[in-house]
Amino acid sequence: MKLMLLGPPGAGKGTQAKRLEDAYGIIQLSTGDMLRAEVSSGSDLGKQAKEVMESGGLVSDDLIINMISSRIDQDDCQKGFILDGFPRTTPQAEALDVMFAEKDMKLDRVIEMKVDDEAMVERITGRYTCAKCGAGYHDSFQKPEVEGVCDKCGGTEFTRRADDNAETVRSRLQAYHDQTAPIISYYREKGVLESVDGMAGIDDVTKQLKEVIG
Ligand code: AMP
């Protein structure tokens, strides 16, 4: 099964993609996670992407399209995947169509997570993850049961994304509106777009997604 989650930064795509991985035995393909791994490894690709990511802008289409195309060819993607954070521009969406046609693949669901933009700044600036297992938390909405200790693995170190500060979040939301929102219409016009209410609680959103996926 091949799924795509659409929505602005903070909509909960990553959180929900992790839950869908477990539920459907498919893997999350987050272009943001891939780029952060490249930045941490100090690769050439990471060096090219770092500054743009820190400013809240979008990395070049060519770089992203090549990265995702070779990722999809790997063995662990053959059972299926959830696209999270890709495509983010109309040229990326068009390139994905070509890529899928060449690979004889088909998208099963394109799901928009509808959210209220203003709430995204608070969601994003408060989020952090366990450095050991990657479990996600939030200063206000999802604290660990014991302060400073990960519920899932007992880890005591947590990290925050460099671009999750109030100023960069505004640029990321702007980039979403200018460059990514148009692809919602792209998929709507193709008649394949479905929507869920991303403002609902985390469990409720998962439930809605499972209903749409069937
Ligand atoms: P994310 O983790 O999806 O919020 O992505 C973090 C950052 O990585 C974004 O603000 C962009 O700078 C970059 N990025 C991730 N995915 C893409 C993409 N599909 N196209 C361009 N830039 C991307």
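In this chain, numbering begins with 1 at the start of the sequence shown. Remember, it's 1-based here, ligands and their atoms both numbered in the order they're listed.
Less than 4.0 angstrom separates some heavy atom of Q92 from each of these atoms of ligand 1: 18 (C), 19 (N), 20 (N), 21 (C). With ligand atoms numbered from 1 in the order given, ligand 1 contributes 8 (O), 13 (C), 14 (N), 15 (C), 23 (C) to contacts under 4.0 Å with heavy atoms of L35. Those atoms of ligand 1 that come under 4.0 Å of a heavy atom in D163, given as number and element, are 6 (C). Taking every heavy atom of T31 and a limit of under 4.0 angstrom, the matching atoms of ligand 1 come to 15 (C), 16 (N), 17 (C), 19 (N).
With distances taken over non-hydrogen atoms, the option nearest atom 3 (O) of ligand 1 out of Q179, K13, E51, R88 is R88.
Checked by atom type, the side-chain pair Q174/D178 shows a donor-acceptor distance below 3.5 Å. Between the side chains of T168 and E54, no donor-acceptor pair is found at a separation under 3.5 Å. There is no side-chain donor-acceptor pair under 3.5 Å between T180 and R88. In the model, S43 has a side-chain atom that pairs as donor or acceptor with a side-chain atom of E38 under 3.5 Å.
Note: an N/O pair closer than 3.5 Å links V59 and ligand 1 by distance alone. Polar contact check, G57 against ligand 1: a nitrogen or oxygen pair lies under 3.5 Å apart. At a 3.5 angstrom cut-off on N or O pairs, G85 counts as close to ligand 1. Considering backbone and side-chain N/O atoms, R36 comes within less than 3.5 Å of an N/O atom of ligand 1.
Hydrophobic cluster membership of V149, counting Ile, Leu, Val, Met, Phe, Trp and Tyr whose side-chain heavy atoms lie under 4.5 Å apart directly or via other members: V146.
Taking a 4.0 Å cut-off on heavy atoms, P9 fails to register as neighbouring ligand 1. At least one heavy atom of R161 sits under 4.0 Å from some atom of ligand 1.
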- [ ] Show your working on side chain to side chain contact (heavy atoms under 4.5 Å, CB included) between L5 and L3 and close with a plain yes or no.
- [x] CA-CA 7 Å; L5 294 181; L3 309 175; 5.7 Å; no
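Under the 4.5 Å side-chain contact rule for hydrophobic residues, Y186 and I68 share a cluster.
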